[in-house]
Amino acid sequence: MKTSWKTLLLLSLPVIVAGFFLWQGLLEPTTQSLSTNNTNSRMTYGRFLEYLNMGWVNKVDLYDNSHTAIVEAAGPELGNRVQRIKVELPANSPELITKLRESKVDINAHPSKSSGAIWNLIGNLLFPLILLGGLALLLRRSNNSATGPGQAMSFGKSRALFQMEAQTGIVFNDVAGVEEAKEEFQEVVTFLKKPETFTAVGARIPKGVLLLGPPGTGKTLLAKAIAGEARVPFFSISGSEFVEMFVGVGASRVRDLFKKAKENAPCIIFIDEIDAVGRQRGAGIGGGNDEREQTLNQLLTEMDGFEGNTGIIVIAATNRPDVLDSALLRPGRFDRQVVVDVPDFNGRNAILKVHAKNKKLNPNVALEVIARRTPGFSGADLANLLNEAAILTARRRKHSISMNEIDASIDRIVAGMQGTPLIDSTSKRLIAYHEVGHAIISTLLDNHDPVQKVTLIPRGQARGLTWFIPSEDSSLVSKAQIISQITAALGGRAAEQVIFGESEITTGASNDLQQVTSMARQMVTRFGMSTIGPLSLENEDRSPFLGRSINSGTKYSDQIAIDIDHQVYTIIDHCYKTAVKIIQDNRIVMDRLVDVLVEEETVEGSKLRTIIEEYTRLPKKQVYVSHLSQNK
Ligand code: ADP
Ligand code: MG
Ligand code: ZN
């Protein structure tokens with residue numbers, strides 16, 4: 001009797017520890033979804049204070065009695081987009097609230113959902129109870145079975161491993177702007193619905209399809225649409241959920257997933273973020289991740305294990321195809337790859353149509369105009385844009401969304417929250433000259449996109465902004481266009497220098513200078529647009545942690561490095577001189593434009609061009625494009 005108690009105690013020690021982790025793991029998803037509203041980025045308290053001091057914080061939502069906060073911040077380090085970040089706050093910090101008030105941050109407190117001490121009490125009681133119960137269960141199991149520890153360790157099974165949707169309810173018509181991908185998948189749908197057509201002629205349908213593309217382009221949506229069209233169940237799991245603290249859990253999850261899928265065939269298995277498990281094996285620094293390798297091996301085994309025609313199709317998505325293990329891409333696995341890219345003009349138009357269906361739009365809203373103003377937006381960005389506009393409309397107590405709300409939402413998504421304009425002062429005039437400098441140079445250069453508007457209303461980090469109308473989606477950009485862009489971007493600094501003098505130039509141009517330098521460098525090292533010649537001298541810009549290319553040092557000599565720096569300097573110097581010259585030659589019209597801008601705070605592109613035309617001739621293209629944009 002005595003000895004058995006001892007062994008029991010010895011046995012239970014690791015189990016208690018394991019049980020504790022398991023409990024923590026179980027608890028985490030619920031508390032997270034309760035309090036964070038789908039925010040998965042976090043930062044430390046110190047960092048938050050830093051952001052606050054920089055004036056990057058717009059809004060703070062407090063949760064669980066001010067222990068956690070979701071911070072809405074936007075700043076250059078965050079790519080100038082509004083981001084929601086979670087912060088753990090120290091207990092009792094009344095100074096923080098005063099500080100937030102002082103910085104005019106929008107504060108919101110939310111009562112915690114599981115309110116009341118009763119729940120806390122029950123929670124406290126429940127924890128040891130469940131722990132003890134689990135302990136007894138595990139012990140009984142390991143005592144009964146012959147396999148012993150193997151059994152005790154099989155808690156990979158006990159968690160909700162993957163989601164299964166019997167019907168996704170999404171059809172191809174919900175996905176727009178990806179016509180090629182849809183065509184490709186039409187065949188997969190037919191296979192799931194009528195496999196006979198294929199098997200009769202001995203065709204083997206691909207087991208796996210890999211969707212490649214940047215985030216928010218509709219990969220998940222497409223996979224769901226396939227299941228919806230074929231009316232088959234949809235199993236989904238994210239690659240990161242495979243990778244766990246316990247070795248072997250990931251592999252057992254893969255096994256379970258495929259087992260369930262086989263029971264429900266025909267069906268679709270969707271693995272999101274497959275790069276989390278499918279990275280190149282054996283190249284990690286400091287020893288590979290064994291767990292990940294095992295998971296990947298299991299995945300490969302499972303995919304080889306089922307016959308081509310069992311009716312299971314595995315669809316995986318990633319935005320990092322370059323880091324995938326080559327074994328995944330072999331025939332018989334993910335041998336079909338479908339690229340889902342950021343939509344072009346027509347794609348954006350089609351996506352907007354889909355999302356405008358359930359929105360009340362004013363008849364003055366033309367979706368083509370929105371599509372034209374939003375190059376680089378993904379499907380998710382566009383959906384978000386229409387939603388923001390709808391929220392703004394409701395806040396303004398209007399009955400339908402007008403172009404005004406949509407414009408405001410685009411500006412907000414691209415450049416951040418609107419701030420309050422400066423009162424008339426020297427610095428307001430300086431900012432006005434800076435912006436007019438950009439605007440006038442871009443208007444007088446033949447190869448530059450026309451100005452949409454110039455504004456002195458601050459947004460995000462910028463204290464003034466010049467917006468352009470992207471003329472068309474073109475993936476090819478000429479050397480003359482880049483030179484024009486560099487020159488116009490230098491226009492702000494050039495105006496400061498010409499008008500206020502060398503000693504008065506400001507830090508306001510730092511963002512411009514960053515862009516200019518990067519563009520000029522790319523001209524030399526990537527596009528072969530300098531006297532060094534048509535060479536690609538780009539460094540492989542990959543992190544060694546991603547599995548590949550550990551020694552991606554420079555591929556060129558020190559002499560070439562000096563040449564590159566020299567060429568970059570020459571390009572920028574040349575453009576800056578052009579910018580200064582244009583400013584000097586157009587001083588009178590600039591003074592007039594600055595007066596108008598300081599007075600009205602926003603000047604539309606058409607008005608700007610009309611004023612400039614009174615003093616000087618516009619290049620042909622500017623006149624033509626501005627007509628086009630007015631008619632549209
Ligand atoms: P991904 O998986 O590529 O990151 P999602 O499929 O999750 O992107 O897209 C997120 C949301 O964005 C979708 O739910 C949908 O509302 C919208 N969306 C993205 N792409 C499209 C598209 N091509 N057509 C219609 N809506 C889209
Ligand atoms: Mg997705
Ligand atoms: Zn500028």
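Counting starts at 1 for both ligands and their atoms, in listed order. Position 1 is the first residue of the sequence; numbering continues from there.
Near P215, meaning under 4.0 Å from one of its heavy atoms, ligand 1 places the atoms 4 (O). Listed by number with element, the atoms of ligand 1 under 4.0 angstrom from any heavy atom of I351 are 22 (C), 23 (N), 24 (N), 25 (C). Below 4.0 Å from some heavy atom of V175 lie the following atoms of ligand 1, by number and element: 23 (N), 24 (N).
Ion pairing of K453 with D407 is absent here, as no side-chain N (NZ or NE/NH1/NH2) approaches a carboxylate O to less than 4.0 Å. With respect to D256 and K260, no salt bridge is recorded, no charged nitrogen being found less than 4.0 Å from a carboxylate O. Salt-bridge annotation for R429 and D595: present, with a side-chain N of the basic residue lying under 4.0 Å from a carboxylate O of the acidic one.
Here the heavy atom of the protein found nearest to atom 4 (O) of ligand 1 is G216 N, 2.7 Å. Scanning the protein heavy atoms around atom 22 (C) of ligand 1, the nearest turns out to be A176 O, 3.6 Å. For atom 18 (N) of ligand 1, the nearest non-hydrogen atom of the protein is G379 C, 3.6 Å. For atom 2 (O) of ligand 1, the nearest protein heavy atom (residue, atom name, distance) is T220 OG1, 2.6 Å. Nearest protein heavy-atom contact of atom 16 (O) of ligand 1 is H355 CE1, 3.1 Å. Looking only at protein heavy atoms, the nearest one to atom 25 (C) of ligand 1 is D174 O, 3.3 Å.
Counting heavy atoms of neighbouring residues, nucleotides and ligands inside a 6.0 Å radius, atom OH of Y569 does not exceed 12 of them.
Polar contact check, L221 against ligand 1: a nitrogen or oxygen pair lies under 3.5 Å apart. At under 3.5 Å, a nitrogen or oxygen of G218, whether backbone or side chain, sits near a nitrogen or oxygen of ligand 1. Between T217 and ligand 1, a contact under 3.5 Å exists for at least one N or O pair. Not a single N or O atom of A383, backbone or side chain, sits closer than 3.5 Å to an N or O atom of ligand 1.
In terms of distance to the Zn ion (ligand 3), the nearest N, O or S atom of H434 is named NE2. The closest approach of D512 to the Zn ion (ligand 3), by N/O/S atoms, is made by OD2.
No option in V254, L299, L210, I315 other than L299 meets the side-chain contact (heavy atoms from CB on, under 4.5 Å) test with I271.
Judged purely by distance below 3.5 Å, without hydrogens or angles, the side chains of Q298 and E302 pair a donor atom with an acceptor atom. Side-chain contact of Q83 with E72: a donor-acceptor pair under 3.5 Å is absent, judged by distance alone.
Between the side chain of E229 and the backbone N or O of F172 there is at least one donor-acceptor pair closer than 3.5 Å. Without hydrogens or angle criteria, H448 side chain to Q485 main chain gives no donor-acceptor distance under 3.5 Å.
When the heavy atoms of P343, A181, G347, A380 are ranked by distance to atom 10 (C) of ligand 1, first place goes to A380.
Ring pair F234/F270 is parallel by interplanar angle, where below 30° counts as parallel and above 60° as perpendicular.
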